[in-house]
Amino acid sequence: METKDLDSFLHNPQLYHTLRIVGKKLNEKEITKLAEVLESNSTLTTLSLRKNGIGDEGAKRLAEALKFNSTLTTLYLWDNGIGDEGTERLAEALPFNFSLTLLVLWQRDWQKH
């Protein structure tokens with residue numbers, strides 16, 4: 001089952017295999033709650049959070065959740081203002097996650113060094 005409503009997912013996370021939240025500009029509380037639910041969720045396989053402005057802090061929260069999640073296979077995070085720090089945290093979480101096969105970070109905010 002798929003939903004585009006974050007509240008529906010947070011109240012009954014085991015009902016959904018796909019969550020697509022696009023362009024909603026998730027706030028810190030919402031991304032934190034989503035990350036908490038993802039840690040123990042056993043049904044969600046696809047999460048699309050395109051254009052939500054989660055930035056590095058949101059990416060860090062999701063990275064921590066990925067270390068514990070064992071069902072998510074696809075994660076779309078493009079156009080979220082994620083910079084080097086958030087990208088590094090996501091990369092650091094990958095060795096702990098054996099289910100994720102696709103992580104999309106298109107249009108991330110690259111910093112030149």
Side-chain angles (χ1 to χ4, degrees):
M1 186 189 262
E2 177 177 332
T3 186
K4 295 178 181 179
D5 182 58
L6 181 59
D7 287 333
S8 293
F9 174 75
L10 293 176
H11 285 93
N12 292 301
Q14 302 306 331
L15 293 179
Y16 302 101
H17 297 281
T18 301
L19 175 61
R20 297 183 197 282
I21 307 293
V22 180
K24 300 290 185 182
K25 303 296 180 196
L26 299 176
N27 63 42
E28 185 177 331
K29 182 179 176 183
E30 291 169 322
I31 199 71
T32 298
K33 183 63 179 166
L34 175 59
E36 289 171 358
V37 169
L38 282 177
E39 283 186 12
S40 60
N41 182 273
S42 62
T43 57
L44 196 70
T45 58
T46 302
L47 175 59
S48 178
L49 295 176
R50 297 175 298 141
K51 299 182 179 186
N52 281 292
I54 67 169
D56 285 334
E57 292 305 311
K60 288 180 203 177
R61 286 182 178 84
L62 290 174
E64 287 304 308
L66 285 176
K67 291 179 181 179
F68 300 97
N69 182 281
S70 62
T71 56
L72 198 65
T73 60
T74 305
L75 178 57
Y76 295 103
L77 293 175
W78 72 72
D79 202 8
N80 267 298
I82 298 171
D84 291 342
E85 191 174 355
T87 302
E88 287 173 18
R89 287 289 186 86
L90 288 163
E92 290 168 0
L94 294 178
F96 298 94
N97 184 294
F98 298 103
S99 61
L100 195 67
T101 58
L102 179 64
L103 171 61
V104 180
L105 292 169
W106 293 345
Q107 298 178 336
R108 68 175 287 289
D109 292 336
W110 297 99
Q111 295 179 9
K112 293 182 181 179
H113 296 282

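In this text, all values refer to a predicted model and were calculated from it rather than measured experimentally.
From Lys51, atom NZ reaches atom NZ of Lys25 across 8.5 Å, with rounding to the nearest 0.5 Å. A distance of 15.0 Å separates OG in Ser70 from CZ in Phe96, rounded to the nearest 0.5 Å. Here CG of Asp5 is found 6.5 Å from CD1 of Ile21. Values are rounded to the nearest 0.5 Å.
Remark: side-chain polar atoms of Asp56 are paired, donor with acceptor, to backbone N or O of Gly83 under 3.5 angstrom. Between the side chain of Thr71 and the main chain of Leu44, a donor-acceptor pair closer than 3.5 Å is present. The backbone N or O of Gly53 lies less than 3.5 Å from a partner atom in the side chain of Asn80, making a donor-acceptor pair. Under the 3.5 Å distance criterion, the side-chain polar atoms of Thr43 are left unmatched by any main-chain donor or acceptor of Leu15. Under a 3.5 Å cut-off, the side chain of Asn41 and the backbone N or O of Asn69 do not form any donor-acceptor pair.
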Step by step, would you call Lys67 with Glu64 a side chain to side chain contact (heavy atoms under 4.5 Å, CB included)? CA-CA 5 Å; Lys67 291 179 181 179; Glu64 287 304 308; 3.1 Å; yes

Show, in sequence, the C-alpha distance, side-chain angles and deciding distance for Leu102 and Tyr76, and conclude whether the side chain to side chain contact (heavy atoms under 4.5 Å, CB included) test is met. CA-CA 8 Å; Leu102 179 64; Tyr76 295 103; 3.9 Å; yes

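For the pair Asp79 and Arg50, the minimum side-chain heavy-atom distance is 4.5 Å or more. Contact check for Leu19 versus Thr46: no side-chain heavy atoms found under the 4.5 Å cut-off. Counting only heavy atoms from C-beta outward, the side chains of Lys60 and Glu57 approach each other to under 4.5 Å.
Of all heavy-atom pairs spanning Pro13 and Val37, the tightest one is CB-CG1, 3.5 Å.
Tested against Leu38, the residues Leu62, Leu75, Leu66 include a single side chain to side chain contact (heavy atoms under 4.5 Å, CB included) partner, Leu62.
A continuous path of Ile, Leu, Val, Met, Phe, Trp and Tyr side chains, each step under 4.5 Å between heavy atoms, connects Leu10 with Leu47, placing both in one hydrophobic cluster. Under the 4.5 Å side-chain heavy-atom criterion for grouping Ile, Leu, Val, Met, Phe, Trp and Tyr, Leu94 is connected to Leu49 within one hydrophobic cluster. A continuous path of ILVMFWY side-chain contacts below 4.5 Å connects Met1 to Phe9, so both sit in one hydrophobic cluster. Connection of Leu103 to Phe68 is not established within any shared hydrophobic cluster, with ILVMFWY side chains joined at heavy-atom distances below 4.5 Å, either directly or through further cluster members.
Within 6.0 Å of NZ in Lys4 there are 12 or fewer heavy atoms belonging to other residues, nucleotides or ligands.
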Below 3.5 Å, can you tabulate the donor-acceptor pairs from side chains in residues 27-35 to any protein atom, sequence neighbours excluded?
{"from": "Asn27", "atom 1": "OD1", "to": "Lys29", "atom 2": "N", "distance (Å)": "3.0"}
{"from": "Asn27", "atom 1": "OD1", "to": "Glu30", "atom 2": "N", "distance (Å)": "2.8"}
{"from": "Glu28", "atom 1": "OE2", "to": "Arg61", "atom 2": "NH2", "distance (Å)": "3.1"}
{"from": "Glu30", "atom 1": "OE1", "to": "Asn27", "atom 2": "N", "distance (Å)": "2.9"}
{"from": "Thr32", "atom 1": "OG1", "to": "Glu28", "atom 2": "O", "distance (Å)": "2.8"}
{"from": "Thr32", "atom 1": "OG1", "to": "Arg61", "atom 2": "NE", "distance (Å)": "2.8"}

